[in-house]
Engineer: 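What follows is a single structure, and I will ask about it in a moment.
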Amino acid sequence: MSFPRYPAYKDSGVDWLGEVPNHWSVCRLRWLARRYSGGTPDKRNLAYWKDGTIPWLNSGAVNDRLIREPSTYITAEAFKNSSAKWIAEGALVMALAGQGKTKGMVAQLAIPATCNQSMAAIVAGSEIVSRFLYWWLDTNYQNIRNMAGGDLRDGLNLELLGDIPCPLPPAPEQTAIAAFLDRETAKIDALVAEQRRLIELLKEKRQAVISQAVTKGLNPDAPMEPSGVEWLGDVPAHWMVTPIGHLCDAISYGFTNPMPTTEEGPYLLTANDIGDGRVKYETARRTSYDAFLNELTEKSRPKKNDLLITKDGTLGRVALHEGQEACINQSVASLRVKPAAILPEFMAACLLAGVYQSRMIYDAGGTTIKHIYISRLAKMAVTYPSLSEQVAILAFLEDELAKFDSLVDETRRAVDLLQERRAAMIFAAVTGQIDVRGLVKSEAA
């Protein structure tokens, strides 16, 4: 759908804006909205955080974009003895600091609340509509982060927020733009959600194909018999069932001591670098050759075709090491299988299958944080056929999984295009590159 433009434009004098419609003006945020930060009651006083009635937000709350529930509640006494301040429903909050992408994110309150000192309340004045301001700040997320040095320096502050330039159409136009964006982004968000559900469905079907192939084989008429393992169920009668440890020359995990990082050198792999089926070498850190050769034992240096399994963090991700010089830390388990009995690729396919994934999680130990213990992993049963049948199953899986992967990639590209379209539409609307006034009126009529 193409959108009309305004009849005439002028230079705004602001890099963030470029040209704006002739009748629009530009103003700094400090003149359009009140800005103030919150506070955090004493965390050591547990009474402040028990049975509270006052909604309170931490910086992560901005991820919801429209905040309907508080992060927690504080007591009236906690509010009185801290710098926390009330923020009215409809006002905006922005994260001044925070982990990852949080800094610079903005959200609107659907409830009255208080917040911590790492968030700024932005209360729109009479000249700017709060929802229009939300969309303007949202589309300038990266520009706002860059005011504090992008991703590399300290957080934002109220003074910096006051310097944010804002387009200022007449109030009725602000309302129309906000209504248009609420409606159109909701449509795109629904399409994105639908595509993401499709991706999850494809992943589930992909895993089901793997599970069927590595536990039942390719011949639907093959005689079956009980495996002797309750959670594994019936398996082909001619297949073997063996503890993983009997099929491995070594099962271990990596180093626990700190390692230096360098620009070049062997890969330094942690659980974050193990994806579903592959090692993410492209994002992994590296360590020095000196540390690699002199500070590590052999168990921390996987060899080609060793299986790498995440034992901490997100449990049970499995990948086959391709042979690059690399070391693993204690969050990664390494399995060196006996290829005369079971192919490394087949063992990897087994451990990616749902029945084995579920069992690894079930067997995980720990009280608050779960871990896969290699002693328990070694006892976990696995079923497998002859080497020739393993080869046939792997060839089948290669063909079938390629189809699923292609569909997932295609769906992800569709999501990316929708999100690009969403971002472009928001920017075009709040900067006046498109005139949505008639569109809002015609739909309302």
Side-chain angles (χ1 to χ4, degrees), residues 12 14 16-17 20-21 23-39 55-57 59 61-70 83-96 102-145 147-148 155-186 425-432 436-437 440:
S12 69
V14 176
W16 293 15
L17 273 165
V20 295
H23 62 291
W24 287 25
S25 57
V26 180
C27 190
R28 299 285 173 182
L29 183 62
R30 69 178 72 257
W31 308 116
L32 299 172
R34 285 194 302 125
R35 294 154 289 117
Y36 55 90
S37 58
W56 182 86
L57 307 172
S59 302
V62 294
N63 287 286
D64 290 339
R65 301 306 176 98
L66 182 63
I67 300 172
R68 296 184 173 89
E69 296 288 339
S83 300
K85 303 176 185 66
W86 278 106
I87 312 167
E89 178 182 348
L92 309 181
V93 287
M94 179 178 288
L96 300 174
T102 303
K103 182 178 71 174
M105 289 180 65
V106 65
Q108 188 166 28
L109 293 180
I111 55 170
T114 62
C115 70
N116 70 11
Q117 67 277 10
S118 295
M119 298 177 77
I122 303 172
V123 183
S126 58
E127 289 189 84
I128 194 160
V129 174
S130 189
R131 191 63 181 166
F132 172 81
L133 180 58
Y134 164 81
W135 285 116
W136 168 247
L137 297 176
D138 178 73
T139 199
N140 280 288
Y141 164 76
Q142 192 58 54
N143 284 330
I144 292 168
R145 285 176 70 91
M147 295 177 78
L156 296 160
N157 58 53
L158 299 178
E159 189 65 22
L160 286 173
L161 298 195
D163 286 336
I164 294 173
C166 300
L168 202 59
E173 278 183 59
Q174 294 179 40
T175 301
I177 291 168
F180 168 80
L181 289 176
D182 285 344
R183 183 189 71 216
E184 295 301 317
T185 56
M425 182 176 62
I426 295 170
F427 181 79
V430 295
T431 58
V436 305
R437 293 171 297 177
V440 173

Engineer: Hey, can you tell me if W16 and W136 have their rings parallel, tilted or perpendicular (30° and 60° cut-offs)?
Structural biologist: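 Ring orientation of W16 relative to W136: tilted.
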
Engineer: Salt bridge or not between D163 and R30? Use side-chain N to carboxylate O under 4.0 Å.
Structural biologist: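 Yes.
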
Engineer: Under the criterion side-chain contact (heavy atoms from CB on, under 4.5 Å), I'd like the reasoning laid out for I164 against N140: C-alpha separation, chi angles, the key distance, then a yes or no.
Structural biologist: CA-CA 10 Å; I164 294 173; N140 280 288; over 6 Å; no

Engineer: Taking Q174 for the side chain and P169 for the main chain, is one N or O donor matched with an acceptor at less than 3.5 Å?
Structural biologist: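 It does hold such a pair.
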
Engineer: Search all heavy atoms of G104 against all heavy atoms of R145 and return the closest pair with its distance.
Structural biologist: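 Shortest heavy-atom contact: CA-CG, 4.4 Å.
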
Engineer: Is there a donor-acceptor contact under 3.5 Å from the side chain of Q108 to the main chain of G90?
Structural biologist: yes

Engineer: Counting only N and O atoms by type, is there a donor-acceptor contact under 3.5 Å from the side chain of T114 to the main-chain atoms of A84?
Structural biologist: no

Engineer: Under the side-chain contact (heavy atoms from CB on, under 4.5 Å) rule, what do Y141 and V106 come out as? Steps first, then yes or no, please.
Structural biologist: CA-CA 8 Å; Y141 164 76; V106 65; over 6 Å; no

Engineer: Please report the interatomic distance CD1(I177) to CD1(I426), rounded to the nearest 0.5 Å.
Structural biologist: 12.5 Å

Engineer: On a heavy-atom basis, which atom in I128 and which in P167 lie closest, and how many Å separate them?
Structural biologist: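 Where I128 meets P167 most closely, the heavy atoms are CD1-O, 4.4 Å.
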
Engineer: For the side chain of W31 and the backbone of G162, is there at least one donor-acceptor N/O pair under 3.5 Å apart?
Structural biologist: no

Engineer: Quick check: does any side chain N or O of K85 sit under 3.5 Å from a backbone N or O of S37, one acting as donor and the other as acceptor?
Structural biologist: yes

Engineer: Go through L57 and L109 one step at a time and tell me if the side-chain contact (heavy atoms from CB on, under 4.5 Å) criterion holds.
Structural biologist: CA-CA 10 Å; L57 307 172; L109 293 180; 3.6 Å; yes

Engineer: Looking only at heavy atoms, which two atoms of A91 and V123 are closest? And how far apart?
Structural biologist: CB-CG2, 4.1 Å

